[in-house]
Amino acid sequence: HTEIVPMGYGPSDSVRLPARDEAGVEALATAMVRALAGLRGPWRLVLGQIPAGDPVGARVANAWPEALLGPGDGSPTMTVAPGATLEDHASSSYLKNVRRGWRLLERSGSEVDLSFVTEPGAVVALLPELDDVRRRRDAALPRGAELDQPEFGAFVRTVLVDLARRSEVEIAVLRVGDRCAGYAICLVDGPAYRLWQTSFDPEWSDASPGRLILAASIERVLEHRTASEYDFMRGVYDWKTTLADRVVPSGRLLAWSSARLRSGESAARKLRDRLRAGSDT
């Protein structure tokens with residue numbers, strides 16, 4: 001069947017169905033339903049990470065007989081208050097582990113440096129090195145690496161180059177000697193500072209380089225007040241919620257061309273889950 005997804009599907013953490021007013025909501029939802037009805041053959045629509053309660057998504061879900069509007073992945077967020085420091089957001093044990101990580105890196109005998117890269121040419125030059133770090137990290141994890149798929153990798157590179165030219169991206173790079181031990185790609189999005197992608201070299205995992213980079217990027221925002229919120233983006237994980245003060249919800253719109261396709265997909269999902277459960281035991 002045909003999959004209908006938003007641009008940047010996969011690495012994108014946010015999708016919008018923009019409408020200025022009620023008339024716009026009605027017009028956009030009607031156009032979407034008509035477009036779906038005009039498609040040939042079996043298809044499935046997947047619109048994840050739309051705002052919770054999105055009126056266009058709700059209108060499409062009500063208009064199409066085989067549609068489901070449910071919750072998406074939440075995004076932990078930290079409010080940047082005037083005069084606040086990292087100590088105001090992190091526990092004493094978190095700060096202790098940050099100091100421990102820096103000590104472990106310094107004992108390597110190599111120079112340790114953490115810098116923020118913003119100049120467009122420097123951002124472009126960094127991308128191959130960051131890809132190498134991410135692949136080494138992904139190889140150590142029990143999951144596939146979606147960004148290694150050609151369409152995702154091309155999307156990420158295109159977006160980063162464009163954002164760098166508009167001064168809307170900062171890359172925190174942690175180096176031990178002449179090697180990149182980890183990085184965080186952050187998006188400067190008006191009042192929000194968004195942590196889009198982060199990874200580190202497994203060789204330095206004992207020092208928790210991801211935590212060190214995250215703490216440094218938060219301190220940068222708190223010190224310079226470059227934004228009013230620090231957005232950890234999609235996925236509610238402990239390493240985010242321990243620093244966040246709220247979770248921003250999202251929605252997920254699914255639609256199928258027919259009840260037969262929807263039920264077939266549900267049966268296939270249940271079979272897959274049973275097979276996985278059997279392999280685990």
Side-chain angles (χ1 to χ4, degrees), residues 5-19 46-58 60-61 67-98 137 141 143 146-147 156 159 163 168-170 172 182-200 208-254:
V5 299
M7 275 200 310
Y9 177 65
S12 284
D13 280 20
S14 182
V15 173
R16 293 291 183 268
L17 300 171
V46 182
L47 286 180
Q49 298 308 106
I50 61 176
D54 182 83
V56 177
V60 173
L68 174 65
L69 181 61
D73 297 325
S75 297
T77 303
M78 183 187 77
T79 302
V80 178
T85 65
L86 181 61
E87 287 74 11
D88 297 317
H89 295 275
S91 66
S92 58
S93 61
Y94 185 94
L95 298 171
K96 180 180 178 181
N97 286 329
V98 169
R137 170 63 173 164
L141 297 174
R143 61 173 172 78
E146 67 177 16
L147 293 180
V156 170
V159 167
L163 292 178
E168 295 178 353
V169 64
E170 294 186 349
Y183 69 88
I185 299 174
C186 301
L187 309 182
V188 183
D189 185 15
Y193 194 84
R194 309 189 191 277
L195 178 68
W196 186 32
Q197 185 197 116
T198 182
S199 192
F200 62 88
S208 300
R211 181 187 290 123
L212 305 184
I213 297 168
L214 178 60
S217 69
I218 292 175
E219 287 182 317
R220 178 180 176 86
V221 176
L222 293 173
E223 180 181 353
H224 298 289
R225 291 300 311 280
T226 54
S228 58
E229 68 175 14
Y230 191 103
D231 181 6
F232 296 90
M233 299 192 78
R234 181 180 62 183
V236 181
Y237 303 110
D238 289 346
W239 65 271
K240 297 180 180 182
T241 56
T242 190
L243 296 164
D245 50 47
R246 69 187 188 281
V247 175
V248 178
S250 71
R252 187 167 187 253
L253 174 64
L254 299 175

Rounded at 0.5 Å granularity, tell me how far [atom1] in [X] sits from [atom2] in [Y].
X: Ser91; Y: Lys96; atom1: OG; atom2: NZ; answer: 11.0 Å
X: Ile185; Y: Ser199; atom1: CD1; atom2: OG; answer: 9.5 Å
X: Leu187; Y: Glu168; atom1: CG; atom2: CD; answer: 8.5 Å
X: Thr79; Y: His89; atom1: OG1; atom2: NE2; answer: 7.5 Å

Closest heavy-atom pair and its distance - [X], [Y]:
X: Val236; Y: Gly74; result: CG2-O, 3.8 Å
X: Ser217; Y: Cys186; result: CB-SG, 4.4 Å
X: Val98; Y: Ala215; result: CG2-CB, 4.2 Å
X: Val15; Y: Pro51; result: O-CD, 3.5 Å
X: Asp88; Y: Gly83; result: OD2-O, 4.3 Å
X: Val56; Y: Ala19; result: CG2-CB, 4.3 Å

What I'd like to find out is whether the side chain of [X] reaches to under 4.5 Å of the side chain of [Y], using heavy atoms alone.
X: Leu222; Y: Val80; result: yes
X: Asp231; Y: Leu195; result: no
X: Ile218; Y: Met78; result: yes
X: Val169; Y: Val188; result: no
X: Glu219; Y: Thr85; result: no
X: Thr198; Y: Trp239; result: yes
X: Asp54; Y: Leu253; result: no
X: Leu69; Y: Ile50; result: yes

Query - side chain to side chain contact (heavy atoms under 4.5 Å, CB included) between Met233 and Gln49, intermediate numbers included - result: CA-CA 10 Å; Met233 299 192 78; Gln49 298 308 106; over 6 Å; no
Query - Expected output: side-chain Lys240 to main-chain Phe232 donor-acceptor under 3.5 Å - result: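 A pair under 3.5 Å: yes.
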Query - With sequence neighbours excluded, residues passing ring pair (Phe, Tyr, Trp, His ring centres under 6.0 Å) with Phe200 - result: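 By the ring pair (Phe, Tyr, Trp, His ring centres under 6.0 Å) rule, Phe200 matches no residue at all.
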Requested in this report: Name all residues meeting the ring pair (Phe, Tyr, Trp, His ring centres under 6.0 Å) criterion together with Tyr193; count only those two or more places apart in sequence or in a different chain, and write none if there are none.
Outcome: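 Tyr193: ring pair (Phe, Tyr, Trp, His ring centres under 6.0 Å) contacts with Tyr230.
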Query - Stepwise side chain to side chain contact (heavy atoms under 4.5 Å, CB included) test for Arg252 and Val46 - result: CA-CA 8 Å; Arg252 187 167 187 253; Val46 182; 4.1 Å; yes
Report task. Check step by step if side chain to side chain contact (heavy atoms under 4.5 Å, CB included) holds for Leu243 and Leu214. Result -> CA-CA 10 Å; Leu243 296 164; Leu214 178 60; 3.7 Å; yes
Query raised in the report: Side chains of Arg194 and Ser75: do they bring a donor and an acceptor to under 3.5 Å?
Result: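 Not at all, the side chains of Arg194 and Ser75 share no donor-acceptor pair under 3.5 Å.
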